[in-house]
Amino acid sequence: MTLSPAEWEAIRLSLLIGFAAVAWILPPGIAVAWWLARYDFKGKAIVDGLIHLPLVLPPVVVGYLLLIALGRQGVIGSWLYSVFGVSLPFTWQGAAVASGVMAFPLLVRALRLSLEAVDPKLEAAASTLGAGRLRVFATITLPLAIPGLLTGTVLAFARALSEFGATITFASNIPGETRTLPLALYTLIQSAGQEGAAARLCLISIVIALMSLIASEWLARRTRLRLQERDG
Amino acid sequence: MSIEIDRVNKRFRDFVAVDDVSLTFREGELTALLGPSGSGKTTLLRIIAGLEQPDTGRIRFHGEDTTDLHVSKRGVGFVFQHYALFKHMTVFQNVAYGLTVRPRATRPTKDEIKQKVMRLLELVQLDWTAHRYPHQLSGGQRQRIALARALAVEPKVLLLDEPFGALDAKVRAELRRWLRRLHDDIHVTSVFVTHDQEEALEVSDRVVVMNKGRVEQDGSPEEVYDHPANPFVYRFLGNVNLFEARVHQGSAHIGGIALPAPEYADQRNEHGHAYVRPHEIEVFARQEHADALPAKVELVSVVGPAVRLELHTDASDALVHAELPKHRYRALGLSQGSDAWIRPLHSRVFLPDERVLNG
């Protein structure tokens, strides 16, 4: 089957927004997962809850909150606009922000579990050998948490690809700008006589999702084999 | 490089881990920190390394205050009980780690690193494992690699936390003799933590006995074993029998016999405890001595060349343990249930409030 330009456009946007979303949440995701995995502090449960909020809130609520915060009249949005001339709503970057926020808890959860499993003694050993904090993290902690990082990244990517509610609320459904696969599919379903085209998009979504799952499984197995430790 | 611990305190919430400890480890010495679990020995070691911060007190290396220096800047070699090898790196990369993380200005070239790592691997007799991963090695081999890794950075002091604790008995005995020889070769100031008194006495130049965050005794292995400072040290360093005693004018009276206790010449009719090691109890089949206690053999166990007896006597609440060579036991002709006589050859008497008096 050959894909129509509109379908290509939706695939391109989905992948672009998916990758952009994962790219921007990775640094804060790693930092937050590290923080939660290694430190005990007052209000940890509250921070934990806030991070997980997007998993349990209706996505529309998240989109609406983003609009309030990042819209041109919003608290952060108005500052972004006046200082950098940046306006996020109704742009693909805005869609990446919205799907990133929705994917964030999945990344943090997987990564945190993996980081918690890293033996603090290995980090201590590295620091006695002269490695500073960042060096220890980059050479010991993160490499040992790679399986969790991979799982988290793939889950977050898949979440970002399939994100619908927050994206349509915050970034709207603009062809060629924010109309990703799920939004394109939704548009087709809304109009009469497009069942065939909708089915094609369905199929494309399934293929992309499967491919990313298989790729992650393969990567995870490779790294796990390398990290496996027999005891005794 | 000497290490000076100056009035160090450390608590974890309500638990006092280190209680006002002052100690000096002399240059080139191999010291054992010996104590039961929870005695604060590991915490003290981690404080020396900079892995923990003391609540109060200072740490000095060769007179230089290192208390506020980050662990990565202290120049200590630390060996962990469970090896803590980097499992995502080969043996070579593990040993090279401390050299590769140096800032560019002081980092050796690749060739120099390679030479040094291979030299260290030869030193620990594991050069053939360079390209293996830690999980492919046995416990004893891993611990030797951990030691090579710690030595690669040419540490000013070497700290070992229960280094042989996770190994089986035979490997443990081999490895500690090997550590002793290694220390004789490289002479770096070393402190190792152990709860195994035999290990401490065999390997070290000096033994520091700790209990409940405090130093109970500090001396050569011989001093500590032969002249324990208090009942705790007596009990912790090997098996010991305890007799209720009446201390009167330089003698300790146990049952019907009197043992010399010249340090208590001024005491009159005080209650105390006499400590006697199992090999310091002489056993007779007949009453050959006037100052022997009647006893009954309750249990005989033959342990290699030695025989351990458990005897009941009215002078002690608990069974008395005696240890004698097998040939001596045979000559006595004793067996389970026999009547026997026992005589303490050497004892040390402590009064219940001794520690208060001494402190």
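Residue numbers start from 1 in every chain, and the chains themselves are labelled A, B, ... in the order their sequence lines are given, proteins ahead of strands. No experiment lies behind these values; they were computed from the predicted model shown.
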In short, B:Ser72 meets A:Ala131 closest at the heavy-atom pair CB-O, 3.4 Å
Relative to chain A, which of B:Arg149, B:Arg74, B:Lys73 shows the most heavy atom pairs under 4.5 Å?
-> B:Arg149
If one checks every heavy atom of B:Val153 against chain A at 4.5 Å, the contacting part turns out to be side chain
Work out which heavy atom in B:Leu51 is nearest to a heavy atom in A:Ser127; give both atom names and the distance.
-> CD2-OG, 4.2 Å
The interface call for B:Ala150 against chain A, heavy-atom contacts under 4.5 Å, is backbone
Say you draw a straight line from OH of B:Tyr97 to CZ of A:Arg135; how long is it, rounded to the nearest 0.5 Å?
-> 6.5 Å
Point-to-point distance, once rounded to the nearest 0.5 Å, from OG1 of A:Thr128 to CZ of B:Arg46 = 10.5 Å
Is A:Arg109 atom CZ crowded by more than 12 heavy atoms from other residues, nucleotides or ligands, each under 6.0 Å away?
-> no
A:Thr139 OG1 to B:His88 NE2 distance, which is reported to the nearest 0.5 Å = 6.5 Å
Indicate yes or no: at least one non-hydrogen side-chain atom of A:Arg133 is less than 4.5 angstrom from one of B:His70.
-> yes
Are there more than 12 heavy atoms of other residues, nucleotides or ligands under 6.0 Å from atom CD of B:Glu174?
-> yes
Heavy-atom distances under 4.5 Å only: say whether B:Arg102 touches chain A with side chain, backbone, both or neither.
-> neither
Please examine the side chains of A:Leu129 and B:Phe86, heavy atoms only from C-beta on, and report whether any two atoms are closer than 4.5 Å.
-> yes
Give a yes or no on this: more than 12 heavy atoms of other residues, nucleotides or ligands lie within 6.0 Å of atom CD1 of A:Ile46.
-> no
Check whether more than 12 heavy atoms from other residues, nucleotides or ligands sit under 6.0 Å from atom NZ of B:Lys116, and answer yes or no.
-> yes
Around B:His195, counting heavy atoms of other residues, nucleotides and ligands shown, do more than 12 lie under 6.0 Å from its NE2?
-> no
